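This report refers to the structure that appears directly beneath it.
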Protein chains: 2
Amino acid sequence: MVSQRGEGETTTTPAEAADKERARAIPEAAVARLAVYLRVLSGMAESGVTAVSSEELSQAAGVNAAKLRKDLSYIGSYGTRGVGYDVEVLVSHIERILGLTRNHSVAVVGIGNLGHALANYGGFPGRGFPVTALFDVDADLVGIPVGGIPVNHIDEITEVCLEREVSIGVIATPPPAAQSVCDRLVSAGVQCILNFAPVVLQVPDNVEVRKVDLAVEMQILSFHVARRADEAASVSVGNNGLGVDGMVIRP
Amino acid sequence: MVSQRGEGETTTTPAEAADKERARAIPEAAVARLAVYLRVLSGMAESGVTAVSSEELSQAAGVNAAKLRKDLSYIGSYGTRGVGYDVEVLVSHIERILGLTRNHSVAVVGIGNLGHALANYGGFPGRGFPVTALFDVDADLVGIPVGGIPVNHIDEITEVCLEREVSIGVIATPPPAAQSVCDRLVSAGVQCILNFAPVVLQVPDNVEVRKVDLAVEMQILSFHVARRADEAASVSVGNNGLGVDGMVIRP
DNA sequence: TACCGCTTGTGAACGCATGCACAAAGTCGG
DNA sequence: CCGACTTTGTGCATGCGTTCACAAGCGGTA
Ligand SMILES: NC(=O)c1ccc[n+]([C@@H]2O[C@H](COP(=O)([O-])OP(=O)(O)OC[C@H]3O[C@@H](n4cnc5c(N)ncnc54)[C@H](O)[C@@H]3O)[C@@H](O)[C@H]2O)c1
Ligand SMILES: NC(=O)c1ccc[n+]([C@@H]2O[C@H](COP(=O)([O-])OP(=O)(O)OC[C@H]3O[C@@H](n4cnc5c(N)ncnc54)[C@H](O)[C@@H]3O)[C@@H](O)[C@H]2O)c1
């Protein structure tokens with residue numbers, strides 16, 4: 001497959017257009033890894049590293065080298081055969097694909113245990129995600145600054161979100177309040193939601209939700225210990241451990 | 001592929017053995033969803049609901065009904081055709097598969113913003129994950145109870161973890177300390193790690209790591225807004241959206 | 001008992017993601 | 001300028017996960 005450039009059918013520059021077209025086709029799983037590569041690459045850049053091979057980068061990112069190259073190929077061919085990748089170049093292209101060329105203003109709703117931690121966290125602004133608004137229903141919290149930002153009352157959510165052009169809403173309220181908060185964020189024009197409440201949110205098609213469910217994470221870990229314990233038990237009983245589909249190996 | 005029953009090669013009861021064998025074959029993605037079904041079912045049980053159909057449950061869990069049934073089929077056939085599932089029965093079987101029949105003691109390392117939130121969170125003990133140990137390197141924190149548990153110094157990690165039979169270690173330290181903390185947890189016999197630090201951890205094969213990376217989550221959201229914006233732009237410019245590999249059209 | 005309508009459980013097809021293996025494309029030393 | 005060596009980019013095969021569609025099975029009803 002030859003990448004055809006210079007067809008000049010669009011009004012944007014050819015390079016940009018190519019990137020935008022590609023973005024459509026990137027697998028979700030690859031996007032998540034690109035974000036990891038970006039972090040690793042940023043670290044390398046700060047340490048003065050200017051070039052990196054797929055082998056090195058894949059090691060640092062904890063993935064297979066072939067997968068890394070495939071992932072990078074989704075965003076274009078920016079490596080030099082026989083040499084590797086230029087760190088700066090890769091950083092800027094990944095940032096462009098991930099939409100990090102502009103800042104994404106974040107609002108946190110529910111300034112309890114978790115909300116406080118998020119508001120105080122310095123890692124978001126540094127990565128292009130400034131926290132610009134905090135909301136809570138508790139009158140005692142309203143007005144008090146957390147991490148430098150004063151807490152607004154939840155009823156002001158629409159005006160404040162519009163005014164500060166919030167693009168990502170973080171839900172850190174108790175579960176019963178989550179859906180209602182979500183609805184209010186959506187009607188305030190927020191199209192991206194990060195949800196910490198253990199609740200399945202209903203949203204319109206044009207809104208993207210990602211959930212972080214710590215209890216689920218722990219249960220997955222629990223499953224793996226249980227499985228391991230079972231395997232150990234089976235082996236000690238004399239099970240030979242051949243797969244369920246029992247293919248015989250070795251011709 | 002026929003599931004073979006009654007071979008009677010193990011010493012455990014047939015039902016248990018069947019479950020254990022199945023656990024091996026459950027796709028990772030399905031395990032995560034089973035945890036969600038469990039939460040929804042627990043909620044239903046508390047509300048007095050005793051029976052549920054795959055359609056209802058799938059709606060509540062935010063998934064496709066066919067997928068839900070497939071997921072449940074991985075753990076066995078506990079439904080009644082023409083009727084649905086008994087809530088209690090499903091709950092107990094999912095709990096068994098996920099290894100929730102016993103408690104999993106949790107240790108949190110790094111009692112800063114996030115560590116405090118985790119230690120104070122009431123949702124874990126209630127779901128079979130009691131937090132039994134807290135660690136930090138900061139001498140000012142050591143001895144102070146957080147969420148009812150006194151903070152231990154990180155140097156005591158091995159003894160305390162062994163003594164309290166910690167099975168899950170949560171890393172909430174700054175990134176530079178994460179790998180060293182991880183190593184210490186591993187040498188203390190902890191086989192499951194939940195990592196909040198934006199770092200790729202190196203661990204032996206017998207240790208399971210899951211990471212929660214909020215910056216990555218936000219970047220994925222950012223990608224989606226960017227993609228949507230691009231699509232809108234393409235349409236408004238009149239681009240017909242043919243892919244990069246697109247055949248050239250021309251009458 | 002025989003039939004009917006409903007819901008489960010699952011075989012089979014499909015589509016996406018992963019990993020392999022190698023040609024293409026570059027660098028570097030002579 | 002050439003040939004040896006290195007590393008990328010990707011076609012292809014394989015495996016996993018999702019979705020569809022329907023036979024099997026159960027409860028209710030006449
Ligand atoms: N703290 C953790 O470590 C942790 C871990 C996993 C999940 N979670 C989840 O995160 C969420 C928050 O946890 P938390 O420990 O911070 O709880 P919390 O009770 O400490 O804080 C909740 C905050 O939300 C506010 N609130 C309640 N209703 C609201 C509404 N309608 N609008 C705006 N604000 C509202 C409350 O006033 C309170 O300040 C919960 O859903 C919890 O299940 C928390
Ligand atoms: N706070 C958040 O909302 C948030 C969000 C995303 C990611 N994170 C990540 O979670 C981690 C913790 O964040 P935080 O905001 O709680 O940081 P923090 O600085 O508030 O707390 C870190 C704690 O770890 C302790 N610590 C440092 N070195 C240690 C060591 N070797 N052993 C034991 N304890 C040690 C410190 O004393 C401090 O109490 C960081 O890696 C951060 O990137 C936090």
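Atoms considered below: every heavy atom in the structure, side chains included; atoms not considered: hydrogens, waters and symmetry mates. Predicted, not measured: the structure shown is a model, and the values here were computed from it. Proteins get letters first, then strands, A, B, ... in listed order; numbering begins at 1 in each.
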Mind calculating the distance between CG (B:D86) and P (C:dT7) to the nearest angstrom?
16 Å
Separation of B:L90 atom CG from C:dT8 atom C1', in whole Å?
12 Å
Under a plain distance cut-off of 3.5 Å, with no hydrogens placed, do B:S54 and B:R69 share a side-chain donor-acceptor pair?
yes
Give the rounded distance in Å between these two atoms: CD of B:E55 and C1' of C:dT8.
13 Å
Footprint string (nucleotides 16-24 of chain D, 5' to 3'): B base within contact, S backbone only, - free, heavy atoms under 4.0 Å:
-SBBBB--B
Does OP1 or OP2 of C:dT8 have a side-chain N or O of B:S54 closer than 4.0 Å?
yes
Who pairs with A:R81 by salt bridge (Lys or Arg N to Asp or Glu O under 4.0 Å), at least two apart in sequence or on another chain?
none
Have A:Q219 and B:H104 got a donor and an acceptor in their side chains that come within less than 3.5 Å?
no
In whole angstroms, how far is the P atom of D:dC26 from the OH atom of B:Y78?
16 Å
Please tell me which of A:L72 and A:G82 maps to the more 5' nucleotide of DNA chain D, matching each residue to the nucleotide holding its nearest heavy atom.
A:G82
Compute whether any side-chain donor of one residue and acceptor of the other, for B:H93 and B:E88, lie under 3.5 angstrom apart.
no
Is there a side-chain contact between B:Y37 and B:V91, using heavy atoms and a 4.5 Å cut-off?
no
Starting from C1' on C:dT7, measure out to CG on B:L57 and report it in whole angstrom.
14 Å
Below 4.5 Å, heavy atoms only, C-beta onward: do A:L185 and A:V207 meet side chain to side chain?
no
